Amino acid sequence: MIVPYGHVYLLAGMVFSMGLVCTLARRNLIMTLIGVEIMMNAAAIAFVAAALRWQQLEGQAFVLFIIGVSAAEVAVGLALILGAYRRTGSVDPDSYNILKW
Amino acid sequence: MNIYAVTFYLIAAVILAATALAITQRNLVHAVIYLIISFLGTALLFYLLGAPFLAAVEVIIYAGAMMVLFLFVVMILRVEKAGEPKFRPGQWGPAILLGFLFLLVVAVLVFKDPGSRATLQKAVAMPRDFGHFVLQRYFLALEIISFLLLVALLGVLHIVQGKGRERTGEPS
């Protein structure tokens with residue numbers, strides 16, 4: 001009725017790889033966290049597609065848990081970034097070199 | 001190709017374009033705004049795939065709460081114009097290579113499976129049924145998630161409060 005199952009999975013894979021590139025390549029802790037968010041979003045898309053494919057509600061229940069976990073992760077991650085910014089005055093991971101001598 | 005398929009491909013194009021723009025912006029505020037568009041597209045996709053409750057949750061939590069949190073932090077830190085170094089091939093090259101490798105593996109795995117050509121049947125999980133299902137089968141997991149949120153709240157309070165011992169590096 002809608003589309004082949006593989007196309008939704010391919011969309012989820014594309015979004016996931018974009019999040020991966022964002023996490024790996026950006027030199028800014030906030031963008032790194034955004035990349036992790038994009039990856040979790042892609043996983044949620046895959047779960048909803050699987051729930052529709054097999055007509056089971058488990059997939060949608062897991063998306064609910066993914067959203068809860070990612071909300072907690074964002075809160076803690078942003079608080080850590082704020083703490084690190086207070087200590088060093090920067091969000092560039094290269095400037096965190098207190099332990100280096 | 002019926003109206004659902006057209007809608008799906010339109011939404012997919014919007015999500016991909018918004019996400020690609022978001023991860024390449026140097027201005028953090030623009031990146032977060034593009035990401036909001038991407039998450040709204042995802043909410044539409046959930047609605048199309050028969051999950052209206054999850055669509056509402058996506059709009060409220062992802063596009064609403066989390067992105068506003070990101071915006072607040074960006075504004076607190078005043079880093080929206082911070083000089084992140086320009087496009088560095090040495091950094092983006094391996095990352096994009098890894099992303100393409102991952103995408104290649106995903107495409108091969110998905111399209112080698114004959115089950116992936118099965119078209120999705122239209123079905124809608126009404127919020128009422130979904131709530132009954134979650135509260136009957138996954139009650140414990142739901143409670144664990146709520147505890148996780150509580151622990152995250154306490155952890156954030158502890159980290160951000162700091163009791164005045166980590167204010168030495170306040171930027172001028």
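Atom set for the values below is all heavy atoms of this structure, side chains included, hydrogens, waters and symmetry mates excluded. Each chain gets a letter, A, B and so on, in the order its sequence line appears, and its residues count up from 1. Predicted model, so just to flag it, every value in this text is computed and none were measured.
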Closest non-hydrogen atom pair, [X] against [Y]:
X: A:Ala46; Y: A:Tyr9; answer: O-CE1, 3.7 Å
X: B:Leu149; Y: A:Gly68; answer: CD2-O, 3.8 Å
X: A:Val63; Y: B:Phe46; answer: CG1-CE1, 4.3 Å
X: A:Arg26; Y: A:Thr32; answer: O-OG1, 4.1 Å
X: B:Ala22; Y: B:Ala31; answer: O-CB, 3.4 Å

Looking at [options], which has the largest count of heavy-atom pairs under 4.5 Å with chain A?
options: B:Phe72, B:Phe100, B:Phe53, B:Tyr9; value: B:Tyr9
options: B:Leu97, B:Val106, B:Val156; value: B:Val156
options: B:Val57, B:Leu153, B:Thr42, B:Leu98; value: B:Thr42
options: B:Leu45, B:Ile61, B:Leu48, B:Leu16; value: B:Leu16

Between A:Val69, A:Ile34, A:Val76, the one whose heavy-atom pairs under 4.5 Å with chain B are most numerous: A:Ile34
Pairs of heavy atoms under 4.5 Å with chain B: top-ranked of A:Ile81, A:Leu82, A:Leu78, A:Leu20: A:Leu78
Value rounded to 0.5 Å, distance of CG in B:Leu103 from CD1 in B:Ile96: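 Atom-to-atom, B:Leu103:CG and B:Ile96:CD1 are 12.5 Å apart.
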From B:Ile145 atom CD1 to B:Leu150 atom CG, the distance as rounded to the nearest 0.5 Å: 12.5 Å
[X] versus chain A, the contacting section by heavy-atom distance below 4.5 Å:
X: B:Ile15; result: side chain
X: B:Leu35; result: side chain
X: B:Ala65; result: neither
X: B:Thr24; result: backbone
X: B:Ala107; result: both
X: B:Phe133; result: side chain
X: B:Tyr138; result: both
X: B:Leu109; result: neither

Heavy atoms from other residues, nucleotides or ligands near CZ of B:Phe8 exceed 12 (cutoff 6.0 Å): yes
Proximal component of A:Ala12, with respect to chain B [non-hydrogen, under 4.5 Å]: neither
Atom group of A:Ser70 that falls short of 4.5 Å from chain B, counting heavy atoms: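 For A:Ser70, heavy atoms of backbone and side chain both lie under 4.5 Å from chain B.
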Contacts under 3.5 angstrom, residues 48-59 of chain A side chains, donor-acceptor by atom type, not counting sequence neighbours:
unit_1	atom_1	unit_2	atom_2	d
A:Gln55	NE2	A:Leu52	O	3.2
A:Glu58	OE2	B:Arg137	NH1	3.0

Aromatic plane relationship, A:Phe62 with A:Phe47 - under 30° parallel, 30 to 60° tilted, over 60° perpendicular: parallel
